[in-house]
Structures are given as structure tokens and as C-alpha cells.
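For reference, the structure is listed below as C-alpha cells.
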Amino acid sequence: MSFKPIRKAVLPAAGLGTRFLPATKASPKEMLPLVDKPLIQYVVEEAVACGITDIIIVTGRGKRAIEDHFDVSFELEALLQHKGKDKTLDAVREISEMANFAYIRQPEALGLGHAVGCARSLVGDEPFAVLLADDIIHNRTSALAQMMKVYDKFGTSVIGLQAVPEADVVNYGVITPQTVESGLHRVVDLVEKPKPADAPSNLSVIGRYILDPAIFEALDRIQAGAGGELQLTDAIRLMLQGRVVHGLELVGDRYDAGSKLGFLQATVALALESAELGDPFRAFLKDLKL
Ligand code: UTP
């Protein structure tokens with residue numbers, strides 16, 4: 001059986017990035033460069049590689065740089081052409097040609113659930129993906145590609161999971177799992193930021209989702225939850241009343257690039273794998289004799 005194709009991805013990018021201040025005071029967190037690309041470009045590439053054609057970015061105040069990044073830059077392209085820098089020119093051009101980009105404002109950072117709800121009119125009545133730019137999941141088969149396989153089999157919503165140390169569950173949405181097969185669970189219940197003693201498992205929700213459009217009605221019904229924010233996990237919980245939701249443990253090294261330490265770790269991991277920088281960077285690290 002084939003289900004409706006996932007053509008659209010929502011990228012919430014309207015948060016305030018308070019964990020990365022002062023860097024994020026006037027520049028978007030999503031534009032922090034990881035080696036040589038801004039964080040948000042990684043998730044756009046991940047979505048496009050999965051067949052997504054429409055990228056909907058939820059922005060807010062101070063996020064203009066994101067729109068400029070995915071736009072055509074005539075001046076820059078003309079200059080690169082004039083200087084014969086063909087490779088760089090191709091890299092710059094590809095960015096704006098990757099997908100159809102649409103932007104919608106979240107007037108106030110009321111939470112991830114609210115940000116996704118802002119994209120409702122652009123998504124319409126079809127299943128869609130949500131990718132958070134600050135969750136870097138590094139694997140040859142991308143996180144979304146792993147989840148698409150589950151969607152293709154079941155046609156349900158699928159949320160990305162990671163088993164985290166017990167003490168860390170307080171930072172995540174945590175599921176009550178009914179295991180279908182190794183690494184794949186049916187979500188029975190969901191709680192946002194539980195105390196370790198109250199957590200139903202250590203399977204935590206991370207920044208990749210494939211969602212049924214029924215999520216929008218659920219988002220209309222939720223109240224502010226953990227941290228006073230409108231939480232996406234609370235809406236997914238409501239959606240469980242009428243729909244099946246699967247959770248997939250994602251394979252890959254995950255970095256929370258929205259935190260300073262996670263960002264540094266992701267930078268080192270990706271730089272070591274870079275064709276251009278890997279060898280000299282490795283030599284540099286060896287010289288540090290840590
Ligand atoms: P985070 O909680 O990681 O981002 O949200 P934040 O709120 O910007 O960061 P801190 O915690 O203050 O450091 C995950 C994603 O959801 C977006 C963020 O931009 C980020 O990409 N988001 C969050 C919104 O778009 N709107 C919101 O109201 C909250």
C-alpha cells in the first residue's frame with residue numbers, strides 16, 4: 001500500500017536561542033556555521049534528499065539572514081563568475097535551487113508547538129515532516145530517511161527517538177513505548193520534561209517528526225505546558241486518542257547544536273570527516289597532545 005507522499009517540511013526557526021547567547025543576540029542560532037554551512041542548511045539538505053520539495057521556515061524577529069541565505073544573490077554570483085570561481089559559484093547557486101522556500105512568521109516565541117501551528121495554512125491537509133536545525137544526527141542514512149521507511153510501511157506519524165541517560169529525561173519529551181520490533185515502538189503515551197523518577201522510559205523525543213495533519217487540530221486544543229510553552233509533544237499526546245504514532249530510535253551520533261558544548265562536539269566530528277579539512281584538522285588535534 002502506498003501512502004500520501006511527504007512533500008513538505010516545516011523548519012521552526014523562531015526560537016530565541018537563549019542557550020547560545022550572546023552569539024544569538026542579533027543573529028539566528030540556525031545560521032551558526034557548522035564547518036562551512038549554517039545549521040539550517042544541513043536539515044534542508046536532509047529533507048530534500050528524502051524527496052521533499054517544499055521547505056516552510058517559521059521565522060521571527062531578527063531572522064532575516066535565513067531568508068537571504070536561501071535566496072538568489074545576484075551580486076555575489078556575478079562576482080564569483082567574474083573571478084572564475086566556478087566551484088564556489090555552483091555551491092552558492094545550489095542553495096537557492098534546492099527547493100521551493102516559503103516563510104511564515106511566528107509573532108511571539110510561544111513554543112515549538114505554536115511554531116508548527118503557524119505553518120498550518122502552508123501545509124494544508126497532508127502529512128509533513130518537521131526538522132529542528134539544532135539537532136544534528138550524523139549518519140550515512142539520515143534521520144529523516146530512517147523515519148521515511150517507517151512511514152512508507154505504516155503511513156502513520158513517526159517521531160524520532162533517542163535513548164538518553166536517566167538523569168537527562170528532564171530535558172525531553174519521553175514516551176511510554178509498546179515495542180513493535182527492535183528500535184521501533186508504538187507510542188502509548190508521552191510526557192514532556194518528566195522528573196527521572198516519573199519518566200515512563202528513557203526514550204526521548206528528538207528533533208525529527210513526520211506528522212499527520214490531524215496535529216493541527218490537536219495544536220488548537222493544547223494549553224501552555226512545561227516551561228509555560230505550547231509544546232508539540234502535548235499535541236502529539238492528544239493526537240494519540242484517534243491516531244497511531246510510531247517512535248523510531250534513530251541510528252547515528254546526535255549533537256545538540258543549540259547548546260555550546262554540543263555545537264563544539266558537532267563541529268569537531270564533522271570537521272574530521274570533511275574531505276577538505278579532515279587531514280589538517282586531525283593533525284592539528286594531534287599536535288595539541290591532550
Ligand atoms: P529550542 O528550545 O532548541 O530553541 O527549540 P530555542 O528556544 O531557540 O533555544 P533556547 O532553549 O532558548 O536556547 C527547538 C527549535 O524550535 C524553534 C527554535 O528556533 C529551534 O529551532 N522554536 C522554538 C520556534 O520556532 N519557536 C518557539 O517558540 C520555540
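Whatever order the structure lists ligands and atoms in, that order sets their numbers, starting from 1. Heavy atoms only: backbone and side chains are in, while hydrogens, waters and symmetry mates are out.
Side-chain atoms of His185 and Gln178 form no donor-acceptor pair, as typed in the model, at a separation below 3.5 Å. For the residue pair His114 and Glu108, no side-chain donor N or O sits within less than 3.5 Å of a side-chain acceptor on the partner. In summary, the side chains of Glu192 and Thr233 do present a donor paired with an acceptor at a separation below 3.5 Å, with no hydrogens or angles considered. Glu45 and Gln41 form a side-chain donor-acceptor contact under 3.5 Å, judged by distance and modelled atom types alone.
For ligand 1, the 4.0 Å heavy-atom shell contains residues Pro12, Ala13, Ala14, Gly15, Leu16, Gly17, Thr18, Arg19, Lys29, Glu30, Gln106, Ala109, Leu110, Gly111, Leu112, Ala115, Leu132, Asp134.
The hydrophobic cluster containing Tyr255, built from Ile/Leu/Val/Met/Phe/Trp/Tyr side-chain heavy atoms closer than 4.5 Å, also comprises Phe20, Leu32, Leu34, Val35, Leu39, Tyr42, Ile136, Phe263, Leu270, Leu277.
Of the possible donor and acceptor atoms, one in the side chain of Ser201 sits under 3.5 Å from a partner among the backbone N and O of Ile175.
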